[in-house]
Amino acid sequence: GCSQGTTAAPASPSSAPPATGPAGPTAPVPPKFASGEVRIALVRQLSSGDYFEQWLAGAQAEAKALNVTLEVSSGDGNNDKQALNLEQAVNQKADAIIVDHGFAQTVQPAIRKAADAGIPLVAFDVDPGTDKAVVLSQDDHRIAEQALGALKADTGGAGEVVYVYVAGFAPLDRRNETWTQFKKDNPGIEQVAQIGVVNSSTASAVADQAKAALQANPGVKAIFAPYDEFAKGAALAVKELGLQDKVKVYGADVSTADIAVMTEPGSPWVATAATDPSNVGRVAVRAAALLAAGQDVAAELKVPPALITQKQLRDGRIANMEQLNQAIPALRTPDVARVPWAPSS
Amino acid sequence: MTAPVPPPVVAVSGLARSYGATRALDGVTLEVRPGEIAGLIGANGAGKSTLIKVLSGAVRPSAGTITLDGRPFAPAGPLDAQAAGVQTVHQNIDDGVVFGATVAENLTLDSIARRGGRWFSTPARIRAEAGAVAEAAGLALPLDAPVETLPAGARQQIVIARALARRARLLILDEPTSTLSAAEADALARKVRRAAASGVAVLYVSHRLAEIESLCDRVIVLRDGRVRRVFTAPLRRAAIVEAMLGEFAAPVAPVDAAAPADRAGRRTVGAAVLTAAGVRAAPGGTPFDLDLREGEVLGVTGLLGSGKTGLLQQLGGARPLVSGEMRLCGAPYRPAHPRAAIAAGVAYAAEERSAQAIVPGWSVRAHVTLPTLRAHSRAGLLSRRSETAAARRVSARFGVKGPGAEAPIETLSGGNQQKVVVGRWLEAAPRVLLLDEPFRGVDVGARADIGRVVREAGTMAVVVASSDPQEIVEVADRVLVLHEGSPAGELRAAEATPERLAALMSGGAA
Amino acid sequence: MTATGTAGTDRARHGTASAGARAAATAYRYGLPALLVAMVAIFSILRPAFGTYANALIVLQSVSVVGVVALGVTVSMTTGGFDLSAGACVGAVVMVTALAMVRFNLTGGTAIVAGLLTGLLVAGVNVLLTVVARVPDLVATLGTMFLFQGLALILTGGQSVAAGMTVDGAPAPGRYTEGFAWLGGGSIGTVPVPVAVFALLALAVYVLLHRSRWGRALYAIGGNAEAARLAGIRVARYRALAYVVSGLCAAVAGIMLSARLGRGDVGAGDPYLLQSVAAALIGYAVLGANRPNAPGTVVGALFIGVMINGMTMLNAPYYAQTFVQGALLVGALVVSYTLTPGRRAAGPGR
Amino acid sequence: MTATGTAGTDRARHGTASAGARAAATAYRYGLPALLVAMVAIFSILRPAFGTYANALIVLQSVSVVGVVALGVTVSMTTGGFDLSAGACVGAVVMVTALAMVRFNLTGGTAIVAGLLTGLLVAGVNVLLTVVARVPDLVATLGTMFLFQGLALILTGGQSVAAGMTVDGAPAPGRYTEGFAWLGGGSIGTVPVPVAVFALLALAVYVLLHRSRWGRALYAIGGNAEAARLAGIRVARYRALAYVVSGLCAAVAGIMLSARLGRGDVGAGDPYLLQSVAAALIGYAVLGANRPNAPGTVVGALFIGVMINGMTMLNAPYYAQTFVQGALLVGALVVSYTLTPGRRAAGPGR
Ligand SMILES: Nc1ncnc2c1ncn2[C@@H]1O[C@H](COP(=O)(O)OP(=O)(O)OP(=O)(O)O)[C@@H](O)[C@H]1O
Ligand SMILES: Nc1ncnc2c1ncn2[C@@H]1O[C@H](COP(=O)(O)OP(=O)(O)OP(=O)(O)O)[C@@H](O)[C@H]1O
Ligand SMILES: [Mg+2]
Ligand SMILES: [Mg+2]
């Protein structure tokens, strides 16, 4: 029973779709969508944290706009549970399934079951192991490249750097590949310490470690922290040591809370490379909806990131994601997986 | 009765308290006057402890009234009762001490609860306060020792010292001498008399009739939750026993009249079952030899800390042998664990019921079968039927009174618990049965029952350790007296009188 | 019925109260299982897809790994111990099995043996610490937990182990074998292997704890170790036994988890400590036992599994699930414990 | 000297063994503090930057939040309880203070009061469950833990609370006040505020537990609740007191954490349960106490903090830290407990 102003058209297939929004719909609403019967299962690896909440908020908004039911489940870090949730979605014959993160080896058996059952799939940030699924990714290599580009520009490509990393998380591992390459390409950059913790209080744990590392290495010019919780911790450490003028933090990802940290007076976090998570969520739902409607979608979808600098945020007096979205249009990608029968978002 | 009678300190009327279907108290009416020492006696499960728990505010009655110094008295908790001057030593001493704390902390436990006491406390202050309590009670204990390292008797003395240190109108002692030997019991009796002389009313529970006779002015006999008779001095033991045990009194009557001479003649002929050479009761003691014969009951007695438990535990594998060696039926015997002893046919029934035998919350049945689980199981699986049969056997043999084999053992009265944890060892059909203070809290009738079962058990050799010479005299064919970890003498039943034993125990010559 | 004799606190036993008392006693014994049944019924009505055989299997499968760990934790609790290292053991076993197959190219059978040996190693350390060195259980197993959490990380330099990973510049030679993967994803008839293993182990632990003399000995030690010793129970051996069972259960769970994941996931075991402890603790209240017990643990594991699965199906947001879980648990506990027959009578709680 | 007369249980005191026994007893009492000092010395030699006043403050600051939670957990343990809800309480307080300032635009003072009230609320639920409904401590506080973990999430729909966040379409009106932020990042002289708070609370808890009548009552209840009750100690009130202290400590920790983070982070409190329990448990072995105690908990917290800080400075990879932490802990425990005077003699451990 989801009804929404823009798409709650009468169930008659012949009725014209309401034309609202900047780029009007270019096709009639498929009957299944008009009657609100479409169920899309969103099977997540994780759900807590700003990134995942924003992602979900975007996905839900898009689902509402398209008049589909989004059935959300999360493994909450338990990968086995995620695989079971996926099997359950197959069991219940969802019209399409979005797999949001996950470990390839763990979810692939269940993805195969979905493919065998003829259920269309969108795999976000996880290798589905089958060409029957649409692969959606945010370009983590690009994210790391952009942040490192800023780091290189500010340091002139030389200096001591503290690196924050924990292995075992797919996006971090990809960003790590870029960092490894970057070090090879820039021999002037010296990694003097590698730190990192991931738990529910990552930021403060990383802050404690960063403080130790900075004490031990007084010559450090920059901290590369390619995950926003890391960056928050690193920024906190620099601030608590009073080293704002010497040490800068280069991060990744963005959220309202991150914006607040970056724009604080004296914040050392000067640049972050990110996609807008809620936009990625929207794209995922659009792709799934298209598949559910039996339409073609490119086998691979990529959401490009944008570099966001402290200066941009301060100059634009940007305080939250909505304002950021307005200010940096590159964060919105309405053309990726556009749904012809809906107003673009 | 012409002398003016002072008004009673405490008067109880129609007091009732039930536990499920059990009527532990069924309309008790009694009073205790100032300066009076009133004995409260009754068979195991008669309701004595329940009455005391009610008076001390630990349990609430279901009906009836209490007045204290003429005013209605309905304590909401132990603190209320204490504040009103009702000071109690409960039967279960482990309800009176806090393990993990020192002796000093235990001696001053009450001052924690006292309102208006000092909030700030230092170890020095606690020590000083504890020293005062200990001195008032004439105790010489290491104040800084953890209380769990002390023997049961010392713990009991701590609890008594605490009660004596408080301002009392009514002093209640529930089997205070069960773990004490004669000397300590005498000292306690003196203190109780002194308290009474100063106008305190005393309610005194004991299963040692001699003690009751010498101490009490009046004896109140409780049976099945009611007051059956009240005797005033001079007391007649036979009448008291009859009132206590009712129709079952007959077989018990000759208890202390049992002729030791008749035993002595009959029971020294069996073959040696367990022989020990060069063993010591305690690490510092003199080594000695010992042999136990079929069908014989060896009594071991001595003061507190004389080494009775040390000796029995070594024989039973509960403690490593200090020195010497042992043979069981000719074969070398050196148990490394109680299991090995049990397997070889030596059973040790431990001294302290709640610390060494009771598993909280377990049924009577499970307690009975714990040492003999193997016998009640096939391929490792337990047979409930066989277990229940064993529990029934033990209950019937020793007249255990209580809510049944499936009831938690805590719902039995103290004496009935004791019958279960001692009686269960006969289920192991041992060759040697070592009983460490088996009569603690057991009424005279049951004491006779245990004694009879023990001596009728054919070819078994039995060792009974007790600090009460009277008990030893009643049951033993031969008595070994220990003094400070060394043997002080050995007597045949015919020669053993409580007086001679007492002399040996305190280090004198027999 | 007269009012006399009941003025006191022991309301629940006599006279007119007896019917009520029986009801209360029943609620106490069956409160949690009843709640479980009610939950299943409600979810099935709200969501017909919930009450299907296929979904039941999924729910069971989702609790089977936790359940197996929890059974081990339950056994460790019977002696008064507490195995905080169970989660770390699961994690270490996942890493070891993955390494065995992926990195060292060994067979699935060898990986299973290596996993079980790892479980025994954890148990061995626990036994050394608690039984031999007499370190209190909680502290000792906490140390073991750190040790094996760390070991699982060090073995792989903090990285996950997956087929095709790079080892010293070359791709790792092995991969998960079919047979091993069957332990996680296969089924016997329609029953998934992990569910069958869970059922089997639940039965085994039930028999061990509640029908065998060894179980009786374990509980005796938990109740009063000195009394158990004097009754001829070899306390040290049984305490060791409890940790061995716990370690082996965790190893079995780790093997199944590894098979389900298809890779050696760093930190895969971490969530299982809290969840298994929760299941075992919820089990305390089942059937009026008020002590660790096997059926209770199974009910506890199912309780959590059903709750989460049902809530997910009803599309409740994840953050509401924890709260509802807490509220239901608290409610069930209060019902269970306040209705215990006769509990109100004087007790140490006052 | 004779063994007679003294009812000589005090074995480890007599005879030739005395010198060795004294050394062992010293190792037992001071084993962990000595290890801590040794660690500090070694780290300072290897890395001169470690042994500076500035770094000492950093280490202290890194343990202050954990330490404060651990002090509360320690108090809850004295009565034989166990506060599993401490971490959840920290998390809930972080969310509540953030909401108060950011979303409702209240003053820092009000936020503090709201935070403390939240701590009291958690304590209240624990007391209701354990003291009134007589649910066993572990199970009850587990329920409370889920409840408040869930509540913290529900309050904000699972999102973290930060200045500028969107509420119903408009940006939230408030932000963290200067004064409030000072609690996390400010300093008194050169001493950071959290360190000062930790020191103060450690002193207060020390006095409460080891120098006051109340502390003796708490330990007495933990040792033998029935004996305490019969001695007239109001067991229920003291058990409630223990949970209230625990809840308040967690609330103070939550306030400091919130001030330090500058936002309400979902799940921020979760790691603090395990860490604080670890600190309190390590503390058992300190000074030969073998029971929860305030100085021990402080040493335990420092132990973990120094270890992590020093290892990080030595550039040890993060995955080695857990292992070293475990190995050191296990070593310290074995030393502490195997050297306990007289432990070897017959005991229930056999
Ligand atoms: N908590 C309880 N629950 C159920 N029944 C109990 C409980 N406590 C005592 N009873 C029962 O009440 C009766 C009286 O017990 P009580 O302890 O008062 O006896 P007693 O006279 O002190 O005996 P003893 O001489 O053995 O100490 C017994 O039948 C006992 O089984
Ligand atoms: N094998 C042994 N090893 C060490 N100490 C021992 C040993 N045997 C006895 N002792 C010590 O010697 C003392 C003798 O006490 P024991 O408990 O044996 O005396 P008891 O006569 O049973 O006293 P009670 O009447 O209090 O029960 C105790 O302090 C005990 O600890
Ligand atoms: Mg009694
Ligand atoms: Mg003795």
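To find a chain, count down the sequence lines: A is the first, B the second, and so on, and within it residues start at 1. Just so it is clear, the structure is predicted and the values come from calculations on it, not from any experiment.
Closest non-hydrogen pair, G262(C) versus Q105(A), comes out as O-CB, 3.4 Å. Shortest non-hydrogen contact noted between E87(A) and I58(C) is C-CD1, 4.0 Å. In plain terms, the two heavy atoms of R260(C) and T106(A) that are nearest each other are O-CG2, 3.7 Å.
Of the atoms belonging to V59(C), not a single heavy atom falls under 4.5 Å from chain A. Contacts of Y176(C) with chain A are absent, with no heavy-atom separation under 4.5 Å from either backbone or side chain. For a residue to count as touching a neighbouring chain, one of its non-hydrogen atoms must lie under 4.5 Å from one of that chain's; by this rule A49(C) touches chain A with the side chain only. Only the backbone of A163(C) comes within contact range of chain A, judged by heavy atoms closer than 4.5 Å. For chain A, the nearby part of L257(C) is the side chain; its heavy atoms alone come within less than 4.5 Å. The part of I308(C) that comes within reach of chain A is its side chain, from C-beta onward, which places non-hydrogen atoms under 4.5 angstrom from that chain. Only the side chain of R47(C) comes within less than 4.5 Å of a heavy atom of chain A; its backbone N, CA, C and O stay farther away. For a residue to count as touching a neighbouring chain, one of its non-hydrogen atoms must lie under 4.5 Å from one of that chain's; by this rule Q60(A) does not touch chain C. Of the two parts of M311(C), neither the backbone nor the side chain holds a non-hydrogen atom closer than 4.5 Å to a non-hydrogen atom of chain A. No part of L56(A) comes within reach of chain C, as not one of its non-hydrogen atoms sits under 4.5 angstrom from that chain.
L84(A) CG to S64(C) OG: the interatomic distance, rounded to the nearest 0.5 Å, is 7.5 Å. The line from CG of N309(C) to CD of Q88(A) is 4.0 Å long, rounded to the nearest 0.5 Å. The distance from atom CG of D80(A) to atom CD of Q61(C), rounded to the nearest 0.5 Å, is 7.0 Å.
Summarising the local packing, CZ of R39(A) is surrounded by more than 12 heavy atoms from other residues, nucleotides or ligands at distances under 6.0 Å. Within a 6.0 Å sphere centred on NZ of K183(A), heavy atoms belonging to other residues, nucleotides or ligands number more than 12.
Defined by atom type and a distance below 3.5 Å, a donor-acceptor pair is present between the side-chain atoms of D265(C) and N79(A). For the residue pair Q275(C) and N78(A), no side-chain donor N or O sits within less than 3.5 Å of a side-chain acceptor on the partner.
The backbone N or O of V72(A) lies less than 3.5 Å from a partner atom in the side chain of N315(C), making a donor-acceptor pair.
Chain C forms more heavy-atom pairs under 4.5 Å with one residue of E71(A), R44(A), Q108(A), K81(A) than with any other, namely E71(A).
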